[in-house]
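Computed from a prediction, not measured in an experiment: that's the story for all the values here. Residue numbering restarts at 1 for every chain, and letters A, B, ... go by the order of the sequence lines.
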Amino acid sequence: MTARPDGREISSTPGEPRIMRSVVDPLLDQARAAGLVLRLCGGLACWERARHGKRLAIDAGRTYSDMDFAACYPQRREIINLFQRHGFREDAASATVPGLRRTILDSNADGVRGDIFYDVLSFCHSLDLRGRLELHDRTIALADLMLQKMQILGLTEKDAIDVQMLLLDHDLGPDDHVGISKARIAQVCGSDWGFFRTFSLNIERIEAITASSPYLNVAQRERIASQLARLRQCVGEMPKSLGWRLRSLIGDRLRWYETVDEH
Amino acid sequence: MALATPSLFVRQTSGLIKEFRPIDVFVFNTVAFALGLVLAITPTFLGGLYPNANIHVVLTLGFILTAFNGLVYGLFSAAMPRSGGDYVFISRTLNPAVGFAANWGFTWSQFLGVGVYAAWCVRDALSPALITLGYGMRSKALIDSGGFVLKPVPMFVIGTLLLASVLVVSLAGTKILKRFLNAFFVVALIGTGMLMWVFLTTSHSEFVAAFNSAMAQQANLENAYAAVIEQARSNGLQTGQPTDFLSALLALPVGYWVFIGVTYSAYVGGEIKEPQKSQTIGILGALVFGYVIYMITMGAYYDVVGRDFNNAVALLQTLEKSPLPTSGSMSFFAGILTTNIGAILLISVSTFLWFFMMLFVMATVCVRNIFAWSFDQLAPERWSHTDRRGAPRVATLVVVGCAELFLAAQVFAGITFMNYIALFSVCFLIAGIAAIVFPYRRKELFEQSPAIVRRRVLGLPLITLAGIGNTVLFLLVLYSALTNNGLSGVTGEWLPVYVLVAIYGSGFLVYMATKAYRARGGVDLGHLYSEIPPE
């Protein structure tokens with residue numbers, strides 16, 4: 001057993017990513033102690049929120065080489081200082097871009113890399129997290145985790161495993177207090193046709209991956225498939241904004257996502 | 001505690017949403033050399049300095065040598081895709097103190113440029129536009145207002161408003177700035193297209209008739225075309241002279257001057273998508289585009305207006321004896337050639353926009369340089385602070401504040417003690433030297449650069465060859481800028497040189513003082529030089 005500064009005790013999990021204990025936990029704990037809003041997101045957050053899903057990640061050989069965090073932009077300087085005290089350094093190219101809501105961290109001495117996103121997760125689509133970072137004390141909300149993964153056009157197998165982990169362990173719930181909030185997913189996908197389009201494409205993609213994933217047993221496949229069907233129903237039945245409807249008229253003829261730089 | 005030295009290279013996959021695509025880089029650089037502004041004022045600028053130079057030869061020589069300059073910055077930008085441009089290139093290749101001092105000098109040239117061009121925006125764009133429109137619409141009020149805005153107080157007030165707009169748009173973020181530039185670029189380009197069309201579809205005799213008619217109606221001057229040439233001749237102009245190659249060679253600084261800014265995307269390197277491709281395409285694409293437009297339009301202009309007449313106008317303007325109601329710019333003459341008010345308006349708006357947009361590009365370059373210095377702890381950290389919306393408020397205020405001071409100095413006193421061309425040329429010259437030695441002095445960086453940077457020609461690295469061409473170019477430009485006051489616009493023999501030395505010298509002093517200050521805090525700025533890219 002290991003004691004945290006806040007007095008809570010946690011037990012280590014078999015197969016837990018090494019950086020979880022050595023890097024992520026101290027960062028989250030010290031941020032909390034300093035009054036900083038810092039939340040884990042991305043693959044490690046999916047691991048953190050998984051129960052049975054952890055076994056799935058281990059069986060699938062999911063590895064974790066970097067870490068993503070979400071934070072509040074006004075606390076940017078203090079957050080960067082915290083990471084610098086842990087041996088990380090800001091990537092110069094991104095640090096000299098005014099107004100960029102992201103800090104890219106170069107590898108520390110152990111080869112761990114990371115990203116800190118402020119207020120908004122910007123990839124193929126933008127996910128505004130303002131006012132939602134404090135819904136959970138260590139990670140962003142489950143629905144936001146799901147949306148973070150599902151906004152990626154060209155989902156990788158790693159991303160698919162993360163989504164499978166979430167769907168295996170968490171039901172769709174009415175709001176953020178119970179499981180993955182349908183209301184949040186509906187709000188995001190119902191106001192942005194582009195997000196909805198990518199989300200829908202990814203449901204199909206994960207269905208295909210799930211059907212052929214050797215690391216899943218039959219029960220897990222059925223569970224994930226039924227969850228995906230509920231997700232499809234959720235985004236299909238949600239109320240759509242006027243902007244959503246107008247954009248849907250153009251459809252795929254106009255690029256509906258941002259391209260991220262690969263260099 | 002000592003902070004870790006920042007890495008020079010971005011991770012292979014940053015996953016960043018970057019604002020500048022190749023087309024945006026192209027627009028940024030074309031706006032930076034202000035294509036329409038150059039078209040408007042270059043013929044009389046050249047005519048006043050080198051009347052026997054053939055414009056096509058001048059442009060071609062300038063294009064060839066500027067291509068070396070474009071290659072140096074394009075290849076360096078691909079190797080080191082970071083904001084700050086030559087500050088990064090030189091400090092990582094030669095020495096951090098030299099890199100900072102060079103970029104410091106360049107940035108001061110841009111502070112000066114933003115302020116002075118804000119004034120010239122009024123003098124060379126707004127005033128001629130109002131007067132040209134006044135002529136076209138037969139409106140004395142417009143013609144009078146064109147003269148009114150040239151008075152110091154109105155010019156300062158309008159210039160200040162222009163700088164305020166730079167502040168507002170710059171604080172709105174890069175995305176807004178990019179959209180702003182792209183939208184106005186289209187309008188400006190359409191106006192330039194109209195300008196081209198006017199000169200391509202007009203004969204010399206039609207111009208003479210139109211000019212004589214306009215001057216007879218508005219200035220009560222009969223047979224004005226011949227009168228202008230005769231007046232210039234009586235003031236020493238030799239007419240009927242053939243063009244000669246030596247004059248074109250001497251006019252090389254003008255041939256480069258028309259492309260100044262074509263490399264400015266190097267200063268926003270961290271925001272460019274696929275920099276390996278975008279920078280080279282964006283820089284060289286803008287250069288080729290500018291060259292083609294210049295060759296066609298200026299060629300047509302000289303055919304229509306006549307070289308003797310152009311040179312006569314240039315000389316009389318220099319002697320302040322011009323009978324023209326405003327400066328003899330290409331857009332003014334185009335306004336005389338068409339009776340279509342819409343066309344005149346479009347050309348006038350276009351000329352104004354080319355001046356106006358350049359202010360935003362120059363301010364952006366300065367802000368990025370300040371961010372680069374601040375990141376390397378060479379400038380106060382708070383200078384790179386951003387507000388809750390991510391706007392670089394402090395850096396932008398520093399830039400606009402400095403520009404406002406230069407605007408006031410230009411309007412109320414006239415800045416003739418700062419040699420703008422020499423100021424940035426020193427920096428570009430050092431960048432050329434850095435390019436020559438880059439593959440040898442920073443072998444590991446060179447070997448890890450993208451393939452385009454490692455390309456060799458005749459066994460020598462392309463960047464070294466480009467550096468040699470760039471160095472030759474800026475030795476010539478610098479020599480001309482320091483010896484030809486007509487080119488540099490300065491007065492006095494030594495004061496501008498002292499100012500130049502003082503600015504670059506102060507850069508070294510600032511670096512040394514900051515290095516000593518940081519050393520007391522346990523930070524060795526010398527590590528900036530020795531950093532290597534992560535494996």
Side-chain angles (χ1 to χ4, degrees), chain A residues 42 65-66 68 72-77 80-81 83-109 111-115 117-126 130 148 151-154 156 159 255 257-263, chain B residues 1 3-19 21 78 80-84 88 170-171 173-175 268-278 364 367-376 381 384-393 395-396 450 531 534-535:
Chain A
S65 56
D66 53 10
D68 295 336
C72 295
Y73 191 74
Q75 296 180 333
R76 178 175 169 272
R77 194 66 258 165
I80 292 172
N81 289 342
F83 278 82
Q84 284 179 334
R85 286 198 295 275
H86 281 259
F88 290 95
R89 57 188 184 184
E90 267 187 283
D91 164 67
S94 55
T96 49
V97 177
L100 190 68
R101 290 184 178 268
R102 179 174 172 185
T103 295
I104 297 179
L105 301 163
D106 287 330
S107 306
N108 69 357
V112 179
R113 300 183 312 207
D115 290 279
F117 299 91
Y118 304 101
D119 295 344
V120 177
L121 293 173
S122 288
F123 293 101
C124 299
H125 301 280
S126 285
R130 281 174 296 183
Q148 182 191 3
Q151 56 76 40
I152 303 168
L153 197 85
T156 65
D159 299 316
R255 184 162 58 83
Y257 53 88
E258 289 280 359
T259 54
V260 296
D261 201 66
E262 294 300 325
H263 296 274
Chain B
M1 86 184 251
L3 297 177
T5 318
S7 162
L8 184 59
F9 278 68
V10 288
R11 284 179 354 206
Q12 278 305 299
T13 305
S14 67
L16 274 178
I17 307 288
K18 294 186 175 176
E19 293 298 343
R21 299 163 296 160
M80 307 180 201
R82 260 183 65 174
S83 296
V88 178
S170 299
L171 291 179
T174 308
K175 185 172 275 190
V268 294
E271 291 152 85
I272 290 174
K273 207 172 267 188
E274 297 183 56
Q276 291 85 346
K277 189 175 75 178
S278 303
T364 302
V367 168
R368 298 315 186 267
N369 289 351
I370 287 173
F371 263 69
W373 302 341
S374 181
F375 181 78
D376 284 350
E381 188 191 312
S384 62
H385 272 194
T386 51
D387 65 15
R388 291 179 67 90
R389 294 178 302 110
R393 195 175 287 176
T396 310
E531 72 184 19
E535 292 179 5

Evaluation steps, salt bridge (charged side-chain N to carboxylate O under 4.0 Å, His left out), between B:K175 and A:E258: CA-CA 13 Å; B:K175 185 172 275 190; A:E258 289 280 359; 3.7 Å; yes
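When all heavy atoms are compared, the tightest approach of B:T174 to A:P98 is OG1-O, 4.5 Å. Taking all atoms of both residues into account, the shortest heavy-atom contact from B:F375 to A:A95 is CE1-CB, 3.2 Å. Of all the heavy atoms in A:T96 and B:R368, the pair that sits closest is O-CD, 4.3 Å.
Judged as a side-chain hydrogen bond (donor to acceptor under 3.5 Å, both in side chains), and not counting sequence neighbours, A:Q151 has no contacts. Scored by the salt bridge (Lys or Arg N to Asp or Glu O under 4.0 Å) test, A:R130 finds A:D128 as partners (sequence neighbours excluded).
Here B:E381 contributes atom CD and A:R77 contributes atom CZ; the two are 4.5 Å apart, rounded to the nearest 0.5 Å.
If you measure heavy-atom distances from B:V268 to chain A, you find no contacts under 4.5 Å at all.
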